[in-house]
Structure formats: structure tokens, C-alpha cells
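Worksheet: one structure, shown below.
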Amino acid sequence: MSRYAYVNGRYVPHGRAQVHIEDRGYQFADGIYEVVAVRHGRLVDEGPHLDRLDRSLAEMRMAAPMARAPLRHAMREVIRRNRVADGIVYMQVTRGAAPREHAFPKAAKPALVITAKRLLPKFAQMEKGVSVITLPDIRWKRRDIKTVNLTANVLAKQQAVEAGAFDAWLVDEGGMVSEGTASNAWIVTKDKELVTHTPDYRILNGITRLSVRALAETEGYRFVERPFSLAEAQAAAEAFITGTTAWVTPVIAIDKKQVGDGKPGPLTRALQRLYATYADNPA
Ligand code: PMP
């Protein structure tokens, strides 16, 4: 299958898609991105993802590369040209290409790249659950902005893979779990309360997190936003992660210590089913 990418106004074959060597994304990680799931040909939570894109742009003091209507059209065109029914669409906006100077360039225009690829939901992994290790969270203090500077996330994920785990949960200086390298972390306490980190500068406020939260509230589950410690997570009844590609994935071990009875828990399963139904029928 030949693949196509959108690069600054043009649809080009994926293998020949290029940006300038002085693009500020390349030189300074001066850019932001979004990933939206495509399910049965439809975009899941498109509005909230585009709202977060706008928020990231505003926090970075970057101009939008185009208005929302043409952006939505371009996303659909990339999905169509790549014949994606189930998968993801990736959008990246950088401050553009300019001679290397830290301060914002005066003339540069924001650069927009959109790609899409096929990817089926990871049903087997969701069924079985995953294990995570924990690592110090060495990231900057604006994790709420979805920037392309993922250095710390990349290093942590690689360390997890080398340890035979699916991911790393990142732990701050106070011993609190912030999130995974590309997902939000949740626990279910022994008295069946859902707990996930407060959406502040310490985490990325996941769109899946928000949808799962809304589903949990509709079901009347008890839910609280607060940091939780590693010790609390290891002693929890259940644990799971949420994310655009992970959906709701049970966490069955943390640093080799099993969570609960070491199997995906009932509340996790219930939320997983609710989210799968939701993703299958996006608004
Ligand atoms: N935290 C981090 C650090 C992430 O990279 C992601 C995935 N983009 C998430 C959380 C989950 O966010 P979402 O549900 O919007 O995919």
C-alpha cells in the first residue's frame, strides 16, 4: 500500500515527505502534536483532541497553521488516501523553518504535517493486562502541553521494554505516580474508588482519561482526582492505563509486584467495555 502524508499544503507520498533541516521541531522540539484514533472510519473524540491542539498551540504561543474546518478536511483526506478504517491520524505543528536562533523567528510560518496509519485496537493486550516498571519522572514542569519533546518518555519506554515490561509509570520527587510514557495512570482502591492524577502541569490531560471519567460518572462510580503514591498503587485493588491507542488497558503488576490478584479487575473490565462501546460509536 502506498502511503500519503500531508505536508504544508500538499499530499505527498509518505516515503518522500520532508520538512526543512532547520525546522524548529527538528532543532528545538519547538512543536506540538495530537493523535486521534480512527475507529470504523470515524474519528474518536475529534473535538476534544482539536481543542487540546488549540490549547497546546496557545501555551506555546504558536499560531494555528490553519482554521479548524480545513484542518478537519485535511485529516479526513489523509485518512481516506491511506485507506484507514481502524488506526490513528497524527498531526504535528512546529514553529516552522528559520535560521537557528532560540527566540521566535519573525518570518517563519507554522509547519503542519499529518499522517495516518492502520492500527487495530490491541484486544489481546487489553484482555490479558500489562506490567509496568516505575522510574523517576525527569520531565519538565509543563507536561500538560503535548509537545514533541518526548526525550524522557522515549528513554523511560526503552528502559521498560528492556526490563520486559510494557511501560514505565513515572514517579515524581514526592513519590507520587504522575503517568505512563504515553498514557494516564489509574488505580481502583480497596473501597472501589477510581483515582487518577489531578489534571495540572504534572500530567497530560488525556482525552481518553476525560472520556473514561465521563463514562464512570454516568455509571455512578466513585471517582476522585488526586496524586497517588507508588505504595498506594501496589496495594490497590486494580490498576489500569488510558490512552488513544491503549483505550483502557489493565495493569496487573507494578515493579514485578502483582496488583490485586494479578488479573484484570472487575471495575477495569467494566470501564473497558464501556469505552470500547463508546469508541465503536463515536459521537
Ligand atoms: N500522557 C502522556 C504523556 C501521553 O503521551 C498520552 C498519549 N498522548 C497520554 C497521557 C494519554 O492521552 P490521550 O488519552 O489523549 O491519548
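Worth saying up front: this structure is predicted, and the values here are computed from it rather than measured. All residue numbers refer to positions in the sequence shown, counting from 1. Just so you know, ligand 1 is whichever comes first in the structure, and atom 1 is the first atom listed for that ligand.
- A 4.5 Å side-chain heavy-atom check between R209 and L204 finds every atom pair outside the cut-off.
- Qualifying side-chain hydrogen bond (donor to acceptor under 3.5 Å, both in side chains) partners for E238, counting only residues two or more places apart in sequence or in other chains: T268.
- A side-chain N or O of D23 and one of T94 form a donor-acceptor pair less than 3.5 Å apart.
- Applying the side-chain contact (heavy atoms from CB on, under 4.5 Å) criterion to R80, with sequence neighbours excluded, gives E77.
- Remark: D30 engages R24, R95 in a side-chain hydrogen bond (donor to acceptor under 3.5 Å, both in side chains) (not counting sequence neighbours).
- Side-chain atoms of T134 and D255 form a donor-acceptor pair, as typed in the model, at a separation below 3.5 Å.
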Just list the N/O pairs, ligand 1 to protein, that are under 3.5 Å apart, with the distance for each.
residue, atom, partner, partner atom, Å
ligand 1, 1 (N), E179, OE1, 2.7
ligand 1, 8 (N), K146, NZ, 2.3
ligand 1, 14 (O), I207, N, 3.3
ligand 1, 14 (O), T208, N, 3.0
ligand 1, 14 (O), T208, OG1, 2.6
ligand 1, 15 (O), R52, NH1, 2.9
ligand 1, 15 (O), R52, NH2, 2.9
ligand 1, 15 (O), I207, N, 2.8
ligand 1, 16 (O), T244, N, 2.9
ligand 1, 16 (O), T244, OG1, 2.6

